[in-house]
Amino acid sequence: MLSPIQVLCSDITTLSLEPEPFASYTEADIISTVEFNHTGELLATGDKGGRVVIFQREPESKSEPFSQGEYNVYSTFQSHEPEFDYLKSLEIEEKINKIRWLPQQNAAHFLLSTNDKTIKLWKVSERDKRPEGYNLKDEEGRIKDVSTVTSLQVPVLKPMDLMVEVSPRRVFANAHTYHINSISVNSDYETYMSADDLRINLWHLDITDRSFNIVDIKPANMEDLTEVITAAEFHPLHCNLFVYSSSKGTLRLCDMREAALCDKHSKLFEEPEDPSARSFFSEIISSVSDVKFSHSGRYLLTRDYLTAKVWDLNMESKPLETYQVHDYLRSKLCSLYENDCIFDKFECAWNGSDSVIMTGAYNNFFRMFDRNTKRDVTLEASRESSKPRAVLKPRRVCAAGGKRRKDDISVDSLDFTKKILHTAWHPNENIIAIAATNNLYIFQDKLNSEMH
Amino acid sequence: GAMECAVDAQSLISMSLMKIHSSRTQRGGIKLHKNLLVSYVLRNARQLYIKEKYAEIYRMQQYEEVMAVCSGIQELDPLEPLEPQGAEDAEPEQPYYRSCCMEDQFSQNCNKTTVLDLDTHVVTTVENGFLHQDCCCAAAPQCAPGAAARKRKVDSAACSPDAEEPSDYTAGRKRLKREECSGADCSPDASNISNLISIFGSGFSGLLSRQADLEQVCSKQALASLGAWTRAIVAF
């Protein structure tokens with residue numbers, strides 16, 4: 001599958017148009033989440049400043065061959081604002097942690113966006129017609145003098161310039177003591193869950209003043225705390241099943257039919273630790289930063305600091321496949337602990353056919369692994385290599401002391417401030433969205449082949 | 001391998017404590033997940049540090065003597081006055097013998113403590129810890145075991161940057177100083193110890209006295225203090 005990847009759109013800078021290295025951006029512009037909707041027509045990004053930007057794919061047109069399926073800005077809105085919890089003297093960040101789209105049921109689109117404490121449901125709708133010909137008010141809306149009205153007319157809808165309206169339909173607040181890390185919409189399209197460090201709550205999309213707690217791992221005595229919840233997701237097909245990952249590297253599959261409080265898991269996925277690989281940082285690098293069901297619902301994809309793993313739902317004892325994302329960092333864990341990079345939470349993604357997995361790394365590199373051919377590739381999301389229509393060149397990192405080829409990057413010259421934490425894959429096509437700090441890159445398979 | 005970094009346990013401890021400390025002022029509140037992970041590094045580094053210290057003691061020339069002395073210390077009733085002993089004729093069988101304090105006032109045998117000064121952010125190994133200070137003061141009504149016991153109790157809850165628990169400890173120590181110090185006898189470093197957090201003091205003497213399985217003791221100590229850290233972390 002890994003045919004050459006072509007740049008579909010030029011990078012979309014959210015703030016500065018200056019060329020690098022003089023480009024500057026504020027921290028608020030850092031993209032914190034990326035998500036395609038269920039058809040892939042829309043792509044939403046959230047940033048640290050609490051804003052959401054939605055891109056829409058232009059329909060391919062024969063008359064303009066160069067604008068085939070490009071993504072352009074569709075709507076921008078402020079989803080969350082910074083808040084202050086006066087009771088605890090805590091500032092609540094406006095950063096958007098996750099966005100999840102609801103499946104489309106009518107002309108409007110709906111998405112859920114969340115920060116650390118509050119989830120909001122937004123309605124995105126188009127208006128391209130407006131009524132004209134009112135009897136009691138004129139075109140500007142001013143009330144007419146009734147005595148001037150001599151005949152009646154029926155208002156008609158006339159086309160107008162397209163306007164995209166965004167409005168908050170629900171606000172789900174005050175249900176989380178700890179920081180929300182995940183939201184996931186259920187396949188029943190009526191409920192969704194939100195997970196924080198210690199608890200998972202189940203909501204009905206129409207009810208904001210109540211939620212059900214379905215997982216609670218808070219110990220009676222906080223001194224006994226040994227692990228936290230790091231991510232959670234509903235099964236794509238079975239509305240009673242969900243999975244959550246922990247900081248200890250375990251996955252728990254839970255069945256909501258078994259009990260109201262799903263503290264007892266149905267399945268526990270855990271790989272025994274290799275005692276010879278033990279280090280000061282063993283606990284940190286085994287913490288799972290993201291978990292995703294495959295589209296088929298048969299597999300789980302997890303990401304920890306150095307690896308990505310595919311698990312079979314029927315095998316709890318160990319992962320089916322383990323992919324080394326950047327094992328050359330294993331000898332650098334001390335420095336990465338010092339500069340806090342070891343705490344970076346990388347996400348992972350499946351392609352539409354579940355045959356390829358993708359995840360980000362440092363130096364604006366991202367990696368793809370083909371599960372069938374076992375081939376992998378490292379690509380870079382940067383302005384220099386991303387002229388429109390250009391083909392991305394595979395990159396290589398050579399370990400310190402290793403044989404070095406031309407164009408290889410050595411481990412010591414990696415830029416750890418350029419990290420790709422958030423990536424997304426179009427649900428059906430080979431189009432990927434990569435968030436590199438404040439820039440969004442959209443790439444497409446050159447052959448534009450369908451999934452296989 | 002287990003220690004692939006060149007960084008030593010002490011600097012990891014210092015780094016971890018500073019991360020926990022600075023997380024309190026971070027925007028968005030304390031991040032539970034990150035602090036939990038940092039506390040694991042802290043625990044791992046401490047386990048290694050204790051191991052290394054134990055190995056160091058093991059290699060020392062007066063190892064057996066120290067073992068006897070310190071096991072004797074643990075047996076002492078805190079309120080009983082010390083029996084005067086001659087320094088030269090050290091006999092391991094004598095349970096009340098204290099060679100370290102008699103032969104040299106600033107002997108550095110059995111009382112190393114690792115501390116982090118929150119003002120200067122410097123990690124040091126304190127040679128003249130309170131344990132020795134109590135030893136050498138002749139009329140000390142509170143002997144080391146008492147202080148060690150008190151310290152052990154305080155330590156199990158007080159390995160945190162919070163002001164409250166260390167102040168119990170420093171109040172206790174200041175009390176010791178007032179009552180027993182004849183001025184010249186006391187270590188000049190003692191006054192600086194009041195703002196330090198002591199991590200290993202009680203654990204260290206506990207190790208020597210019990211001759212227990214090192215791993216087991218380490219992990220018990222580590223877990224006891226780990227709990228204190230998580231309590232300190234969860235301020236909300």
Side-chain angles (χ1 to χ4, degrees), chain A residues 27 48 82-83 85 87-95 97 115-117 177-179 181 196-198 218-219 221-230 246-248 275-287 289 305 330-340 342-345, chain B residues 1-20 22-49 51 156-160 219 222-236:
Chain A
E27 197 173 317
K48 272 193 165 185
E83 286 172 55
D85 181 338
L87 205 60
K88 295 174 183 160
S89 283
L90 282 180
E91 199 178 353
I92 299 168
E93 279 189 286
E94 66 276 27
K95 173 170 75 90
N97 293 334
N115 69 348
D116 283 339
K117 299 285 184 184
T177 309
Y178 301 96
H179 295 134
N181 52 58
D196 67 28
D197 290 319
L198 298 178
K218 184 178 180 186
N221 188 354
M222 277 300 271
E223 292 186 14
D224 301 330
L225 182 73
T226 56
E227 67 182 328
V228 297
I229 297 168
T230 52
S246 84
S247 54
K248 276 193 168 170
S276 66
R278 182 112 191 101
S279 78
F280 291 119
F281 310 105
S282 292
E283 286 82 4
I284 300 187
I285 64 171
S286 62
S287 176
S289 52
Y305 192 63
R330 200 176 283 272
S331 55
K332 305 234 172 273
L333 294 180
C334 263
S335 340
L336 294 167
Y337 179 70
E338 197 169 3
N339 63 18
D340 272 4
I342 206 174
F343 301 104
D344 286 335
K345 297 188 187 158
Chain B
M3 308 306 155
E4 74 276 22
C5 317
V7 178
D8 61 316
Q10 239 178 321
S11 47
L12 266 187
I13 290 167
S14 152
M15 232 190 279
S16 305
L17 290 172
M18 286 188 45
K19 283 184 197 294
I20 293 178
S22 64
S23 80
R24 287 156 179 272
T25 51
Q26 264 171 9
R27 198 169 171 248
I30 297 172
K31 293 187 177 17
L32 189 63
H33 184 198
K34 182 178 176 184
N35 279 282
L36 183 67
L37 296 178
V38 169
S39 68
Y40 275 116
V41 176
L42 189 62
R43 180 199 68 175
N44 295 339
R46 286 174 57 208
Q47 281 174 350
L48 178 70
Y49 186 82
K51 254 194 211 172
S156 69
C159 288
S160 87
S219 57
L223 284 176
S225 300
L226 175 69
W229 278 116
T230 56
R231 198 212 302 170
I233 290 161
V234 182
F236 63 115

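So that the names make sense, note that chain A is the first sequence line, chain B the second, and so on, each numbered from 1.
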Checklist entry - Do you know the tightest heavy-atom contact between B:Gly28 and A:His179? => result O-NE2, 2.9 Å
Item to check | Portion of A:Asn181 that has a non-hydrogen atom of chain B nearer than 4.5 angstrom | outcome: neither
Checklist entry - Just how far is it from atom OG of A:Ser286 to atom CG of B:Leu37, taken to the nearest 0.5 Å? => result 8.5 Å
Next on the checklist: Tell me if the CD atom of B:Gln26 is crowded by more than 12 foreign heavy atoms within 6.0 Å.
Outcome noted: yes
Checklist outcome for this item: One should read off an interatomic distance between B:Ser22 OG and A:Asp340 CG, to the nearest 0.5 angstrom, of 7.5 Å
Checklist outcome for this item: If you tally heavy-atom pairs under 4.5 Å between each of A:Asp85, A:Val228, A:Thr230 and chain B, the highest tally belongs to A:Val228
Checklist entry - Which atom names give the shortest non-hydrogen contact between B:Val41 and A:Ile284, and what distance separates them? => result CG2-CD1, 3.5 Å
Checklist entry - Who pairs with A:Tyr305 by ring pair (Phe, Tyr, Trp, His ring centres under 6.0 Å), at least two apart in sequence or on another chain? => result A:His326
Checklist entry - So do the side chains of B:Leu32 and A:Met222 get within less than 4.5 Å of each other, counting heavy atoms only? => result yes
Next on the checklist: Please classify the contact between A:Ser247 and chain B as side chain, backbone, both or neither, with a heavy-atom cut-off of under 4.5 Å.
Outcome noted: both
Next on the checklist: What's the separation between atom CD1 in A:Ile92 and atom CZ in B:Arg27, rounded to the nearest 0.5 Å?
Outcome noted: 10.5 Å
Item to check | Sidechain-backbone polar pair: B:Lys19 side chain, A:Tyr337 backbone, donor-acceptor under 3.5 Å | outcome: yes
Checklist entry - Under a 4.5 Å heavy-atom cut-off, does chain B meet the side chain of A:Leu198, its backbone, both or neither? => result side chain
Item to check | Distance in Å, B:Met15 CE paired with A:Cys334 SG, rounded so as to fall on 0.5 Å steps | outcome: 6.5 Å
Next on the checklist: For A:Phe280 versus B:Asn44, what's the shortest heavy-atom pair and its separation?
Outcome noted: O-ND2, 2.8 Å
Next on the checklist: I'd like to know if the side chain of B:Tyr40 reaches the main chain of A:Thr226, judged simply by a donor and an acceptor atom lying under 3.5 Å from each other, with no hydrogens or angles considered.
Outcome noted: yes
